[in-house]
There are 2 protein chains.
Amino acid sequence: MPKRVDHAERRTEIAQALVRAAGRLGLHAVGMRDVAAEAGVSLRVVQYYFESKEKLLLFGLQYLAGRFGERVANRVRAAGDNPGPRAVIEALLTAALPVDEESRLFHHLYTSYAVLSVTDEALAAQPFIKDPDTAEITLTGLLQQANDAGLLEAGTDTRTEAVGLLAMSAGLGTSVLVGQRDAESAMAVLRYHLDRIFRS
Amino acid sequence: MPKRVDHAERRTEIAQALVRAAGRLGLHAVGMRDVAAEAGVSLRVVQYYFESKEKLLLFGLQYLAGRFGERVANRVRAAGDNPGPRAVIEALLTAALPVDEESRLFHHLYTSYAVLSVTDEALAAQPFIKDPDTAEITLTGLLQQANDAGLLEAGTDTRTEAVGLLAMSAGLGTSVLVGQRDAESAMAVLRYHLDRIFRS
DNA sequence: ACGTTTGTGGTACGTTCGTATCATAAAGAC
DNA sequence: GTCTTTATGATACGAACGTACCACAAACGT
C-alpha cells in the first residue's frame with residue numbers, strides 16, 4: 001500500500017481546509033470539491049477520509065470547538081498571572097469577540113453552525129448546549145470567587161450575571177461580525193459593564 | 001390579459017411563503033420550487049414576480065424587517081399605557097426573544113440573513129446596520145428619559161447601557177433558539193439586569 | 001373589434017452537487 | 001514471492017438547482 005498515512009492528521013488537515021473555504025464562501029456554500037481544492041487533494045481523498053459531507057461538517061464543528069477552546073485557554077492563561085479575577089473574566093469575555101481574523105472566523109462559522117442546527121437535527125445534537133454551559137459554569141465560578149473576595153457590588157447574583165455577560169459578549173460579537181460596530185467599541189461596552197459589577 | 005393582479009400583494013404572499021419554507025428547511029436550503037409550492041403557485045409565477053432568487057431573498061429580508069418592526073411597535077404600544085419607561089424598555093428588549101413561533105421564526109431567519117451577509121455583499125448592503133441602529137437610538141432615548149426622571153442608578157451611561165442590553169437580548173435570543181435556554185429564564189436574566197440599572 | 005399587453009403553464013437547458021464505481025500503484029503480511 | 005490491504009486517481013451518475021424559452025389565454029386600450 002502507498003506510504004501508510006496518519007488518518008487523524010489527514011482529517012485535521014482537511015478540516016482546516018473546510019474552515020478556510022467556509023470562511024471565504026460561507027458554510028452554506030462550501031462543497032466537497034471546494035474543500036478538496038483548498039486542501040490541495042483530490043475529491044476522492046476527501047470522500048475517503050470522510051464518508052459523507054455530513055460527517056465532514058460534524059468533524060469540522062468539533063475541530064472548531066477544540067481550536068476555540070485552546071484560544072480561550074491561552075487568553076485566560078496569559079491574563080492569569082495578573083492580580084485579580086477581573087482580568088481573567090475580561091479575557092474570557094473578549095476571547096469570543098471578533099478582534100482578529102482568527103476570532104472573526106470562529107464567530108462566523110460558529111454562528112453558521114448554530115443556524116444550521118435549528119433545522120438539522122444531527123447538528124442540534126452536537127455540543128452547542130454543552131460547550132456554552134461549561135463557559136457559563138466557569139464564569140459563574142470566577143464571579144463567585146470575586147464576590148467572596150468582596151470585590152463585587154452587594155446583591156450580585158453571580159449565575160445570572162454570568163449568563164447575561166456571556167450573552168452580551170455573543171451579541172456584541174455578532175454586531176462586530178456584520179460590521180455594525182468595531183471591535184474596540186464592543187470591548188469598551190464589556191468593560192463598562194464589568195465596571196458596574198465590580199466595586200469601585 | 002388575465003384578471004389584472006396587484007403586484008405588491010402578490011409579492012408579499014410569495015415572501016410569506018419564502019419565510020414559511022425557510023423556517024422549515026433553513027434559509028440556505030430553500031429553493032424557488034419550495035417557495036412556489038409553499039405559496040401554491042407555479043415556479044414560473046415566482047420567477048415572474050421576482051426576476052431572480054437574489055431579488056426574492058432581498059425582498060424577503062425587507063418583508064421580515066417590516067413585520068418585525070410592526071411586532072415591536074405593537075408590543076411597545078401595549079406597554080405604553082403603563083406608568084413608567086421601565087415597562088416600555090422591557091417590552092422592547094423582550095420583543096426580540098423567541099418566546100412564540102413568530103418570534104422564533106424572526107430570530108432564526110434574521111440570524112440566517114446576518115450570517116449570509118458576511119459573505120454576500122448584496123446582503124451586507126441591506127439594513128443590517130440601519131435597523132439595529134434605530135433600536136439603539138430608541139433605547140438610549142428611553143433610558144435617558146428614565147435617567148432624567150431620576151429612576152436610574154447614579155453614573156449610568158445610557159448609550160453604553162443600551163448597546164449592552166440590546167446585545168444581551170440578541171445573545172439570549174440565540175441561546176433560546178438553539179435550545180440551550182428556555183424563553184422564561186432568558187426573560188428573567190433581562191429583568192435582573194434591568195433591576196440592577198433602575199433604582200430600587 | 002382588433003391588436004397589444006399581462007399573467008401563467010409547461011418544459012428544457014446547462015451547472016453543480018453529493019455520491020458511487022472502477023482501476024491501479026504501492027506497501028505491508030506470511 | 002505471492003497475496004492482501006491501503007491510498008488515491010479518474011470519472012460517471014442521478015438529482016436538484018436557477019434560469020430561459022415558448023406558447024397561450026384573458027383582458028385592456030383605442
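The figures here come from the full heavy-atom set of this structure, side chains too, leaving out hydrogens, waters and symmetry mates.
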J.: Please give me every residue in residues 42-53 of chain A whose heavy atoms get under 4.0 Å of an atom in DNA chain C, ordered by residue number.
T.: A/Leu43, A/Arg44, A/Gln47, A/Ser52, A/Lys53
J.: What does the list of N/O pairs under 3.5 Å between the protein and nucleotides 14-16 of chain D look like, with a distance for each?
T.:
none

J.: Before you tell me yes or no, could you show the steps for A/His107 and A/Thr174 under side-chain hydrogen bond (donor to acceptor under 3.5 Å, both in side chains), namely the whole-Å CA-CA distance, both residues' side-chain angles and the distance that decides it to 0.1 Å?
T.: CA-CA 7 Å; A/His107 205 97; A/Thr174 301; 3.2 Å; yes
J.: Looking at B/Arg159 and B/Glu136, does any basic side-chain N land under 4.0 Å from a carboxylate oxygen?
T.: yes
J.: Can you tell me if CD on A/Glu70 sees more than 12 non-hydrogen neighbours from other groups inside 6.0 Å?
T.: yes
J.: For A/Asp133, is there an ion pair with B/Arg181 - N to carboxylate O distance below 4.0 angstrom?
T.: no
J.: Taking all non-hydrogen atoms of both residues, which atom of B/His193 and which atom of A/Thr160 are closest, and how far apart?
T.: NE2-O, 3.7 Å
J.: Got a sec: does the CD of A/Glu51 have more than 12 other heavy atoms crowding it under 6.0 Å?
T.: no
J.: Looking only at heavy atoms, which two atoms of A/Ser103 and A/Ala95 are closest? And how far apart?
T.: CB-O, 4.4 Å
J.: Within this structure, what is the CG-to-C1' distance between A/Leu56 and C/dC17, rounded to whole angstrom?
T.: 14 Å
J.: Starting from the C-alpha separation in whole Å, work towards a yes-or-no answer on side-chain contact (heavy atoms from CB on, under 4.5 Å) for A/Leu57 and A/Tyr113.
T.: CA-CA 9 Å; A/Leu57 285 179; A/Tyr113 273 113; 4.0 Å; yes
J.: Using a heavy-atom distance cut-off of less than 4.0 Å, which residues of residues 7-28 of chain A contact DNA chain D?
T.: A/His7, A/Arg10
J.: Could you tell me the separation between the CE atom of B/Met32 and the C1' atom of D/dC17, rounded to a whole number of Å?
T.: 11 Å
J.: Among A/Arg33, A/Gln16, A/Arg20, find the residue that satisfies the side chain to side chain donor-acceptor pair (under 3.5 Å) test when tested with A/Glu38.
T.: A/Arg20
J.: Drop me the distance from A/Leu58's CG to A/Lys53's NZ, to the nearest 0.5 angstrom.
T.: 12.0 Å
